[in-house]
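Have a look at the structure below, then the notes.
Below, each value reflects all heavy atoms present in this structure, side chains not excepted, and no hydrogens, waters or symmetry copies. All values derive from a computational prediction rather than experimental measurement. Residue numbers count from 1 along this sequence.
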Amino acid sequence: MEMIKTPAGFVSAFNTQFCVLAGCDPAQYIPVEVFRQGAAQPSGSKRVHGQQGYQVDVAAYLPAMLDPAPEGSTGMVEKQKAATRVYVKAGVAVSQPFVACASREELSAMEILSGGPAVRVLRPGERDEMAVAARGVSLSGRIVFPSGGDKELGCVEVAGGIAALAVSYGDFDGSERASLVVECGGLPIAVREYMMGDKNPDGVRLAWLNRFGAIDAYTFNMVSQSTSTEGFLKKQLTTVASAIEPLAVRVWLGEILSAPRVWAWDGVRYNPVVVSSGAVAVKGDRPCRVEVTFSPAVSEEIPFLPW
C-alpha cells in the first residue's frame with residue numbers, strides 16, 4: 001500500500017482535501033488518521049476496507065484544530081490556532097506535513113493575507129497586523145520613517161507557518177506617517193503605509209476573520225445603539241458606519257457581513273459579536289459609507305420576574 005496523493009503546502013480547512021491510497025489489500029481494514037504535528041493522539045480517524053484504492057477526504061477533521069481569534073489587540077499567535085501543521089497516517093504510510101489554515105481558499109507561499117488597502121489609519125490605542133504565508137522562513141519587520149530613519153521590530157510570531165507582525169500607534173514615535181516593511185533575508189516582501197489619526201471618541205474598532213484566514217481590523221464611527229427583545233432574551237444592537245471610502249475599501253469592509261467570526265474592541269479586549277445586518281455599495285466610483293449592525297455574541301437573559 002502507498003499514499004500517492006496528500007494535501008500539500010497551505011490548504012483551506014474548509015475545502016475538500018483528499019488523501020489517495022493505492023495498492024491496498026481489499027480484505028484489510030486500514031486506519032486513516034489525521035494528526036496535528038507533535039500530537040500523540042489523532043484529531044480524527046476513519047477505517048476503510050473492501051477496495052484496492054481509496055480517496056479519503058480529511059477536511060472534516062481540520063476545522064476543529066483551528067480557533068482563530070485576536071490576542072489582546074492584535075491577531076495570530078501560536079495558541080490561537082490560526083493555522084496548524086498537520087499530517088496524515090494510513091497504516092504504516094505517513095504523509096509530509098502540510099499547513100491547514102482558517103482560510104476560504106488555498107494560499108500561496110509568501111502571500112499577504114489581507115485584501116485591505118495599502119494605506120491605513122492608526123489612532124491612539126489602536127494596533128494593526130500584517131500576516132504572511134511564510135512556512136519555513138523567518139521574517140522580520142521595521143518601520144521606515146519619512147526622514148529616512150527606521151525602527152526594527154524584530155521577528156514575527158509564527159502559527160503553523162502563518163507569520164503575523166503587529167504594530168501599534170506608539171510604535172510610530174509621534175510621526176504622522178510611516179511605512180511598515182516586512183522582510184525575508186533582508187529583502188522587502190511587503191510594504192504597508194500608515195497615517196496617524198486623532199483619537200475618535202465615537203470610534204468602534206471591529207476585527208474579523210478575513211477570507212485568507214487572518215485578522216483584519218477597521219475603526220468605524222458609532223451611529224446608534226438600541227435594544228431588541230426576542231423571547232426572554234434582549235439584544236444590545238449597535239450600528240456603526242465607516243468613513244466615506246472608495247470602492248476597493250468598501251469591498252474589503254464588505255467581508256465583515258459574511259465573515260465567520262467578528263469581534264468588537266472594548267478598550268481592553270476583543271469580544272465576539274454577531275453581525276445582524278449591513279449595507280455596502282459595491283458598484284460605482286462615487287465614495288460612500290459602509291454600515292454594520294451587530295450585537296454581543298452572548299445576549300443578556302431578561303430576568304423572569306413575578307407578576
Side-chain angles (χ1 to χ4, degrees), residues 68-77 80 82-83 102-103 111-134 139-146 150-159 162-183 188-200 203-221 240 242-243 245-246 248-256 259 261-271 273 290 292:
E71 166 68 10
S73 53
T74 182
M76 291 183 178
V77 293
Q80 260 58 56
S103 59
E111 184 173 0
I112 308 305
L113 306 184
S114 175
V119 180
R120 304 190 183 188
V121 177
L122 271 184
R123 297 174 176 83
E126 294 182 353
R127 301 178 77 187
D128 196 40
E129 76 169 29
M130 181 183 289
V132 183
L139 302 183
S140 62
R142 61 193 178 98
I143 294 174
V144 179
F145 298 99
D150 63 5
K151 179 178 182 180
E152 295 292 335
L153 296 178
C155 293
V156 301
E157 298 283 350
V158 175
I162 303 296
L165 178 64
V167 291
S168 67
Y169 179 90
D171 290 330
F172 292 86
D173 299 338
S175 176
E176 294 182 354
R177 193 180 190 115
S179 299
L180 169 64
V181 180
V182 178
E183 299 176 331
I189 62 168
V191 178
R192 182 181 295 163
E193 192 168 355
Y194 287 94
M195 297 187 299
M196 302 302 108
D198 296 331
K199 187 171 181 63
N200 183 354
V204 178
R205 192 161 180 82
L206 295 183
W208 66 97
L209 186 67
N210 66 27
R211 69 180 188 273
F212 301 99
I215 306 294
D216 272 326
Y218 180 91
T219 301
F220 292 80
N221 297 307
V240 295
S242 71
E245 299 286 11
V249 176
R250 300 199 306 269
V251 171
W252 172 58
L253 295 178
E255 287 188 8
I256 297 175
R261 293 190 178 184
V262 182
W263 303 267
W265 176 246
D266 67 1
V268 178
R269 64 180 63 85
Y270 274 111
N271 300 300
V273 299
V290 175
V292 178

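- Contact record, A166 with D171: O-OD2, 4.3 Å, taken as the closest heavy-atom pair.
- Among residues two or more places apart in sequence or in another chain, the side chain to side chain donor-acceptor pair (under 3.5 Å) test is passed with E176 by none.
- Looking only at side-chain heavy atoms (C-beta outward), I215 and L209 come within less than 4.5 Å of each other.
- Put simply, the residue from Y270, Y218, W252 that forms a ring-ring contact (aromatic ring centres under 6.0 Å, His included) with W208 is W252.
- The closest side-chain heavy-atom distance from N200 to E126 is not below 4.5 Å.
- Crowding of D198 atom CG: a count of heavy atoms from other residues, nucleotides or ligands under 6.0 Å not exceeding 12.
- Judged purely by atom type and a 3.5 angstrom limit, R261 uses its side chain to pair as donor or acceptor with the backbone of P68.
- For R205 and D128, the salt-bridge test passes: some basic side-chain N is under 4.0 Å from an acidic carboxylate O.
- Checking side-chain atoms of R250 against main-chain N and O of V290 turns up no donor-acceptor pair under 3.5 Å.
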W265/T219 under side chain to side chain contact (heavy atoms under 4.5 Å, CB included): CA gap, chis, key distance, verdict: CA-CA 9 Å; W265 176 246; T219 301; over 6 Å; no

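- A 4.5 Å side-chain heavy-atom check between V132 and L139 finds at least one atom pair inside the cut-off.
- A donor-acceptor pair under 3.5 Å links the side-chain atoms of R120 to the main chain of P117, judged by distance alone.
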